[in-house]
Amino acid sequence: MDKIFLTIDGHRVEAEKGQSVMQAALAAGIYIPHLCAHDDLVPAGSCRLCVVEIEGLPAPVTSCSTTAEDGMAVTTVTSRLKQMRRLAAELLLAPHPSECTSCPKYLKCELQSLIQYLEVTDQRIRKRPNMISADLDNPLIIHDMYRCITCGRCVRACNELRGIGAINYKEIDGRVRIAPVNGNLADSGCKFCGACIEVCPTGSIIDQIGVIKPELKKAD
Ligand code: FES
């Protein structure tokens with residue numbers, strides 16, 4: 001594997017050619033906040049929490065979707081980046097319920113951890129709750145899209161990893177949401193493989209009865 005060298009926050013970092021700036025930073029122990037990115041998925045660059053500044057570029061870029069290059073000089077913490085991340089996090093929180101303790105992912109939720117790390121609250125924003133009742137109809141997966149932040153990880157997992165496409169973005173009541181393509185999971189071709197459960201960062205898609213164990217690696 002070809003090696004390249006870049007500078008991140010003044011540290012000389014070795015990376016593999018083809019890695020994203022975010023992958024290079026994380027591998028070097030430099031944390032860049034992120035949410036829509038996932039190791040197994042092609043980056044979507046949609047949450048914009050992972051913005052960084054790169055010397056020579058006029059505006060910040062998303063580090064998950066920017067390929068690291070030899071000689072690059074990257075800065076991950078500036079007041080402009082903090083403001084951008086704060087705004088991005090607030091936008092994620094707008095449709096999300098403020099109350100966390102009743103969520104099955106409480107204390108295991110990536111969004112909750114991130115919000116605490118960024119010290120962001122939903123006090124400044126106008127809440128736009130997802131008024132969708134949970135789909136409890138099938139015996140394996142609960143879709144509680146009331147908690148969905150539309151990061152799209154589940155859509156990419158279902159399409160890219162499993163090649164199924166049972167869920168996708170849909171416009172419902174004038175807002176873009178994520179939903180089964182044909183009303184419910186079974187009619188949409190869902191194989192109940194659990195890939196969407198594994199990647200969901202909130203408590204929106206969860207295992208109904210503990211059948212699917214995210215810690216178990218699935219065969220290809
Ligand atoms: Fe990079 Fe979401 S993690 S844009």
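Atoms within each ligand, like the ligands themselves, are counted from 1 in listed order.
Look at Cys47 and atom 2 (Fe) of ligand 1: an N/O/S atom of the residue is under 2.8 Å from the metal. When distances to atom 1 (Fe) of ligand 1 are checked against a cut-off of 2.8 Å, His34 contributes no N, O or S atom below that limit.
Here the closest heavy-atom approach between residue Arg80 and residue Ala59 is recorded as NH2-CA, 4.4 Å. When all heavy atoms are compared, the tightest approach of Ile178 to Cys154 is CG2-SG, 3.7 Å. Among all heavy-atom pairs drawn from Lys127 and Pro97, the shortest one is NZ-C, 4.3 Å.
Taking every non-hydrogen atom of Gly45 and a distance limit under 4.0 Å, the qualifying atoms of ligand 1 come out as 4 (S). The distance from ligand 1 to the heavy atoms of Ala37 drops below 4.0 Å at these ligand atoms: 3 (S). Less than 4.0 angstrom separates some heavy atom of Arg48 from each of these atoms of ligand 1: 2 (Fe), 4 (S). For ligand 1, the atoms sitting less than 4.0 Å from at least one non-hydrogen atom of Cys64 are 1 (Fe), 3 (S), 4 (S), numbered in the order shown with element in parentheses. Taking a cut-off of under 4.0 Å to the non-hydrogen atoms of Ser46, the atoms of ligand 1 that pass are 4 (S). Under a 4.0 Å criterion applied to the non-hydrogen atoms of Cys50, ligand 1 contributes the atoms 1 (Fe), 3 (S), 4 (S). Those atoms of ligand 1 that come under 4.0 Å of a heavy atom in Leu35, given as number and element, are 3 (S).
Using a distance-only test at 3.5 Å, with no hydrogens or angles considered, no donor-acceptor pair links the side chain of His143 to the main chain of Ile205. At distances below 3.5 Å, not a single donor-acceptor pair connects side-chain atoms of Thr62 with backbone N or O atoms of Cys64.
Residue-environment remark: NZ (Lys108) stays at or below the threshold of 12 foreign heavy atoms within 6.0 Å. Dense packing is recorded around CZ of Arg175, with more than 12 heavy atoms of other residues, nucleotides or ligands lying under 6.0 Å away.
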